[in-house]
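Some notes on the structure that comes next.
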Amino acid sequence: MIFIPQRIILKNLTPEFFFAECERQYFFERAIEKKMIAKECLENKLNNSSKRKRENIAKEIRNLKNKFTWVATCSEYRCWKIRHKYILAGDLDEIVKNITFVFERIQEQLIIKQRNLDNDDSGESIFSRIKNDWDIGYGIKIKDIKGSTIKDKLINIADEKRLKSQIKRIQKQRSELLKLHSGLIGSGRAFEICSDEVVRNREADEASQLDYIMKKSLVNENNKKIPLWKVASTEKQRFAEIFIQVSSLDAYAKQLDYKPLFITFTAPARFHPKPSKGVSSWDGSTPKDSNDYLKGLWNAFRKDIHRHKIEMNGFWAVEPHKDQCFHKHALMYVNKKHYDELVILINKHFRHSENAVRIEEIDAKKSKATSYVMKYLTKSFNLEFELKGGVLNVDKLEISNHKKVRAVQALWSVRRYAMFGVKNTLSLWRELKRKSFLKGKNDVIDKAFAFVDKNDFIGFSIFVNGNLKIMRLYSKIQVFKNDLLGDVFGKRLIGKYIIDLSTKEMIDIKANYKIVDTALLDAAELQ
C-alpha cells in the first residue's frame, strides 16, 4: 500500500513525481541537520573567524529551509520517511510511535474499503485485501509479524505491548542477517551456525525465564503454596518425554514389521549464504525462508502420502547448516509393500537437485533406528544423553555444546521436531502423567493409565483416539477496541475437562491455582 497526497492526484501527477519530491525534501532535511551540528560545534568559540562561520552556516540553513515545499509537512511524506529512510535502531518507544503512525494511515484506507465492501453485499472480508508484503515502517512487512492469520498479525501491530515484542525479535534477526550478508557466518568463517550474540541473547532469555520461575509460587483457595520451579516443565523432562514417544513408535513399527528409513532433506542453493561446497548463489533469503520452503514441500508430500494411502509414520527434526540455512531429518517407518511408492514420492517432492535428498535404509540388526533421530534431537535440546539398559537415564542428561542450534531455532521461531502418522494426544498424555489422582475416577481413564504406566505412547494414542479427549472452556477478556479490527478479545481458561466420549462423562481436571510472588507470600506469613 502506498500513500499519495490528494493534491498530487487532483493535479494528475504521478506517484513517481511525489516520491522524487520526497527524496528532494529529505535531502534538504539531512543537509540542515548536518549544518546545525557544525553550527553547534562553533557555539563555544568566541573568535571572529568562528563568528563569521556561524553566520554563514545560519544563512545556508535559511536558504535550505526556503526550499521546503508543502510536501515536507504532509503526513504522506512522514510515512515515506518511516518506511524508506529510518533505521531500526535507537529508542524503542520512538520506533513504536512511528510504526503506529504508518499503521493508522493503513487502517484509514482499509476502513474506507471496508465500507465499500459492506455496501456491495459481496460478503468479502477486508482482510482478504491485505497483502503480506505491505510495509509498516523501517522495512518491516506484515509477513514479518507473528500471527497465524492476517487479522492476528494486525492485532500484534495494533497492540503496543505486542508490537514492542515483535520489534525486538526483528531487530535480533536483522542483526544476524547483517552478519550473513557480510559473510561472517558459515563453515570456516568467523562464526559457524550463528554469532555469539545470538547465543548470548538466548541465554539471557532463558535466564529471565528461570528468574521468573524461581520467584513465583502457585497458591490455591486453601492457601496451599507450591514453588513454581517444582512443577515447571524443564528441557530434561521434555527430552525424556520425546524419548518415550520415539521409543514407543519404534516398538510399534516393529510389531507391524514396517521398514525403517532415515531421510535428510535440504533446501536449494539459493537459500544458502555460504555453502560448504560450490559457489554461493544465495538470493538473500532468511533462514526462516529456508524452513518455510521445506515446510511447504513437506505439507504437499504428506497430502500425496494420504492420497496414495501409503501406511507410514515417524518423527522429524529440523536443524541449521553451518551457514544457518535449515535442513530436515526424518525417521520414517513404512509398510514394506509401500516402500517403492514412498521413495518415488520423496524424490518427486524433494529432489530439486542431485544431492537434495539422502535416503538411508536402516539395518535394525546393526543399529537402532531411534538413535538416528535422537542424535539430532539432542542438538535441539542442547543435551547429551545416556541409556541404561535401553532406558533413558534422566540423571545423566548433560548440557552439551549444541547451544547454537537451539539459539538459531529460537531466533527464527522454527519448530524443532514433530511426530507424524500418529494422532497427536500429547496434551492428554501429559495430564495423566501429572495427575495420578485421576486413577479410579473413570474406567476408560484407568485403561489409558495402563499405557501411561508402561510408557507406551503409541498404544495410548491409538486407545484414547475416539474414547477420550480434553475440552477447555474460556471466558473472553476485552484487550482493546479498534475501528478496523473491532473488539479484540483475549481469553482466560475457566474450565478443563477430560471427556469420556462413550458416556459423555466430564471429569474436571483444572487446578485452581494462582501464580503469585513468593516474596509477597513470605512477607505475609511473617506478619
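Nothing here was measured: the structure is a model prediction, and the numbers come from that model.
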Find out whether [X] and [Y] are in side-chain contact, i.e. whether some heavy atom of one side chain is under 4.5 Å from a heavy atom of the other.
{"X": "Phe489", "Y": "Ile477", "result": "no"}
{"X": "Ile263", "Y": "Val357", "result": "yes"}
{"X": "Met419", "Y": "Asn424", "result": "no"}
{"X": "Arg302", "Y": "Ile305", "result": "yes"}
{"X": "Lys322", "Y": "Phe191", "result": "no"}
{"X": "Val71", "Y": "Cys22", "result": "yes"}
{"X": "Ile130", "Y": "Ile142", "result": "yes"}
{"X": "Tyr86", "Y": "Lys81", "result": "yes"}

key: Results of side chain to side chain contact (heavy atoms under 4.5 Å, CB included) for Glu354 - residues two or more places apart only   =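 Glu354: no side chain to side chain contact (heavy atoms under 4.5 Å, CB included) contacts found.
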
Are the charged groups of [X] and [Y] less than 4.0 angstrom apart, N to O?
{"X": "Arg416", "Y": "Glu235", "result": "yes"}
{"X": "Lys216", "Y": "Asp517", "result": "yes"}
{"X": "Arg430", "Y": "Glu241", "result": "yes"}
{"X": "Glu21", "Y": "Arg24", "result": "yes"}
{"X": "Arg189", "Y": "Asp323", "result": "no"}
{"X": "Asp304", "Y": "Arg307", "result": "yes"}
{"X": "Lys404", "Y": "Glu319", "result": "no"}
{"X": "Lys172", "Y": "Glu176", "result": "no"}

Using the side chain to side chain donor-acceptor pair (under 3.5 Å) criterion, which residues pair with [X]? Sequence neighbours excluded.
{"X": "His338", "value": "none"}
{"X": "Ser208", "value": "none"}
{"X": "Asp289", "value": "Thr286"}
{"X": "Asp283", "value": "Ser285"}

How many angstroms lie between atom [atom1] of [X] and atom [atom2] of [Y], to the nearest 0.5 angstrom?
{"X": "Ser165", "Y": "Lys146", "atom1": "OG", "atom2": "NZ", "result": "7.0 Å"}
{"X": "Leu342", "Y": "Ile310", "atom1": "CG", "atom2": "CD1", "result": "5.5 Å"}
{"X": "Thr14", "Y": "Ile9", "atom1": "OG1", "atom2": "CD1", "result": "11.5 Å"}
{"X": "Leu249", "Y": "Phe420", "atom1": "CG", "atom2": "CZ", "result": "8.0 Å"}
{"X": "Lys423", "Y": "Leu428", "atom1": "NZ", "atom2": "CG", "result": "11.5 Å"}
{"X": "Glu341", "Y": "Leu345", "atom1": "CD", "atom2": "CG", "result": "6.0 Å"}

request  = Determine, using ring centers only, whether Phe350 and Phe301 are less than 6.0 Å apart.
outcome  =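 When the ring centroids of Phe301 and Phe350 are compared, they turn out to be within the sub-6.0 Å range.
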
Could you tell me whether the side chain of [X] and the main chain of [Y] form a donor-acceptor pair under 3.5 Å?
{"X": "Gln409", "Y": "Val318", "result": "yes"}
{"X": "Asp159", "Y": "Ile155", "result": "no"}
{"X": "Asn156", "Y": "Leu163", "result": "no"}
{"X": "Asn98", "Y": "Glu94", "result": "yes"}
{"X": "Glu160", "Y": "Val96", "result": "no"}
{"X": "Tyr77", "Y": "Phe19", "result": "no"}
{"X": "Gln166", "Y": "Ile157", "result": "no"}
{"X": "Ser461", "Y": "Phe457", "result": "yes"}
{"X": "Lys153", "Y": "Ile145", "result": "yes"}
{"X": "Asp93", "Y": "Ile95", "result": "no"}

message = Test: ring-ring contact (aromatic ring centres under 6.0 Å, His included). Region: residues 166-186. Which pairs qualify, not counting sequence neighbours?
response =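 Matches after skipping sequence neighbours: His181-Trp282.
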
Parallel, tilted or perpendicular: which describes the rings of [X] and [Y], with under 30° parallel and over 60° perpendicular?
{"X": "Phe18", "Y": "Trp70", "value": "parallel"}
{"X": "Phe262", "Y": "His329", "value": "parallel"}
{"X": "Trp316", "Y": "Trp298", "value": "perpendicular"}

Return the set of residues passing salt bridge (charged side-chain N to carboxylate O under 4.0 Å, His left out) with [X] (not counting sequence neighbours), or none when no residue passes.
{"X": "Glu311", "value": "none"}
{"X": "Asp500", "value": "none"}
{"X": "Lys215", "value": "Asp211"}
{"X": "Lys113", "value": "none"}

Closest non-hydrogen atom pair between Ile150 and Phe127, with its separation =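 Scanning both residues, the minimum pair turns out to be CG2-O, 4.1 Å.
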
ask   = Shortest non-hydrogen contact from Val479 to Gly490?
value =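 Taking every non-hydrogen atom into account, CG2-N, 3.3 Å.
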
inquiry  = Please tell me whether Asn482 and Gln107 have a donor and an acceptor in their side chains that are separated by less than 3.5 angstrom.
reply    =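 On atom types as modelled, these side chains qualify, holding a pair under 3.5 Å.
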
task = Would you please test Glu23 and Lys85 for salt bridge (Lys or Arg N to Asp or Glu O under 4.0 Å) and show each step?
result = CA-CA 10 Å; Glu23 288 284 3; Lys85 297 299 180 182; 3.2 Å; yes

How about [X]: does its [atom1] atom have over 12 heavy atoms from other parts shown lying under 6.0 Å from it?
{"X": "Leu493", "atom1": "CG", "value": "yes"}
{"X": "Lys496", "atom1": "NZ", "value": "yes"}
{"X": "Lys168", "atom1": "NZ", "value": "no"}

request  = Scan residues 102-111 for pairs that pass salt bridge (charged side-chain N to carboxylate O under 4.0 Å, His left out), counting only residues two or more places apart or in two chains.
outcome  =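 Pairs touching residues 102-111 that pass the test: Arg105-Glu108.
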
Please tabulate, for the side chains in residues 290-297, all donor-acceptor contacts under 3.5 angstrom to protein atoms that are two or more places apart in sequence or on a different chain.
unit_1: Ser290; atom_1: OG; unit_2: Pro287; atom_2: O; d: 2.5
unit_1: Ser290; atom_1: OG; unit_2: Phe326; atom_2: N; d: 3.0
unit_1: Asp292; atom_1: OD1; unit_2: Lys288; atom_2: NZ; d: 3.4
unit_1: Asp292; atom_1: OD2; unit_2: Lys288; atom_2: NZ; d: 3.0

